[in-house]
There are 2 protein chains.
Amino acid sequence: MKNRLEEFRSQRGWTQQELADQVEVSRQTIISLENGRYNPSILLAFRLARLFQMPIEDLFLYSPEEENHE
Amino acid sequence: MKNRLEEFRSQRGWTQQELADQVEVSRQTIISLENGRYNPSILLAFRLARLFQMPIEDLFLYSPEEENHE
DNA sequence: ATAATATGTACAGTTTACTTTACATGGGAG
DNA sequence: CTCCCATGTAAAGTAAACTGTACATATTAT
């Protein structure tokens with residue numbers, strides 16, 4: 001799933017470590033999210049959306065077509 | 001995390017199995033979500049929100065106070 | 001040059017979401 | 001009463017999210 005994490009983080013002048021600290025995950029987790037290695041848990045998604053003050057849907061861009069796992 | 005799954009499901013007259021089929025998970029998963037055994041993945045949350053035609057935030061009720069894992 | 005900072009990769013380990021199967025219970029409908 | 005259906009629990013297994021550590025590289029500052 002695509003996301004706009006890096007965009008909003010650097011918009012605010014934050015490092016990956018600073019973002020990680022604010023939502024209480026490791027720096028590795030932020031890197032993996034930004035680089036699309038995996039999707040956040042819903043709890044982390046809520047924390048990030050809250051931090052950036054926007055709905056989850058604005059931060060994480062869901063598209064059903066990406067979900068073809070037959 | 002609290003959610004309103006059962007409420008919206010029975011509002012529509014659906015069984016757990018019918019809901020499970022529509023979002024392509026097992027019935028066990030729906031039971032576990034409804035009974036608060038665990039939280040959905042963000043992908044499943046998106047699928048459910050889409051099905052019920054509402055934002056994730058309306059279906060799954062996040063409260064930071066529940067998250068005290070020090 | 002070298003020291004510090006920011007980003008990235010790799011890998012092994014833990015936790016949790018989700019599956020499958022099997023079985024229990026309670027409420028209608030015949 | 002018995003059959004069916006919806007809901008629930010339990011347990012073992014897999015997949016994916018997340019952690020910690022260690023190392024590489026590029027940029028900037030001293």
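Remember, it's a predicted structure, so these values are computed and weren't measured experimentally. A note on names: the letters A, B, ... follow the listed sequences, proteins ahead of strands, and every chain is numbered from 1.
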[N] [atom2] sits how many Å from [X] [atom1], rounded?
| X | N | atom1 | atom2 | answer |
| --- | --- | --- | --- | --- |
| F60(B) | dA17(C) | CZ | P | 12 Å |
| Q28(B) | dG13(D) | CD | P | 17 Å |
| L5(A) | dA17(D) | CG | C1' | 15 Å |
| L33(A) | dT19(D) | CG | P | 9 Å |

Grab the N/O contacts between the protein and nucleotides 3-7 of chain C below 3.5 Å, and write none if there aren't any.
residue : atom : partner : partner atom : Å
dT7(C)  : OP1  : R9(A)   : NH1          : 3.0
dT7(C)  : OP2  : Q16(A)  : N            : 2.9

Sorted by number, the residues of residues 34-44 of chain B with heavy-atom contact under 4.0 Å to DNA chain C: Y38(B), N39(B), P40(B), S41(B), L44(B)
Where DNA chain D forms stems, i.e. three or more consecutive Watson-Crick or G-U pairs with both distances under 3.5 Å: C:1-30 with D:1-30
Begin with the C-alpha distance, continue with both residues' side-chain angles, and end with the deciding distance and a verdict on side-chain contact (heavy atoms from CB on, under 4.5 Å) for F52(A) and L19(A). CA-CA 10 Å; F52(A) 287 120; L19(A) 176 55; 4.0 Å; yes
Of all residues at least two apart in sequence or in a different chain, which pass the ring-ring contact (aromatic ring centres under 6.0 Å, His included) check with F46(B)? Y62(A)
Any side-chain heavy-atom pair from E67(A) and R47(B) closer than 4.5 angstrom? yes
Taking only side-chain nitrogens and oxygens of T29(B), does any of them come within less than 4.0 Å of OP1 or OP2 of dC18(C)? no
Let me check something: any side-chain donor-acceptor pairs from residues 28-36 of chain A under 3.5 Å, sequence neighbours excluded? List them with distances.
residue : atom : partner : partner atom : Å
T29(A)  : OG1  : S26(A)  : OG           : 3.1
S32(A)  : OG   : Q28(A)  : O            : 3.0
E34(A)  : OE1  : R9(A)   : NH2          : 3.2
E34(A)  : OE1  : Q16(A)  : NE2          : 3.2
E34(A)  : OE2  : R9(A)   : NE           : 2.5
E34(A)  : OE2  : R9(A)   : NH2          : 3.3

Sidechain-backbone polar pair: Q17(A) side chain, R27(A) backbone, donor-acceptor under 3.5 Å: no
Strictly distance-based, threshold 3.5 Å: is any side-chain N or O of E57(A) a donor or acceptor partner for the main-chain N or O of I56(B)? yes
Residues G13(B) and E18(B): closest non-hydrogen pair is O-OE1, 3.9 Å
Could you report the tightest heavy-atom contact between A45(A) and I42(B), atom names first, then the distance? CB-CD1, 3.5 Å
If you count the non-hydrogen atoms of other residues, nucleotides and ligands that lie under 6.0 Å from CZ in R50(B), is the total more than 12? no
I'd like to check the side-chain hydrogen bond (donor to acceptor under 3.5 Å, both in side chains) partners of T15(A); sequence neighbours left out, ordered by chain and number. none
Carefully, step by step, assess N3(A) and L59(A) under the rule side-chain contact (heavy atoms from CB on, under 4.5 Å). CA-CA 6 Å; N3(A) 69 69; L59(A) 242 187; 5.6 Å; no
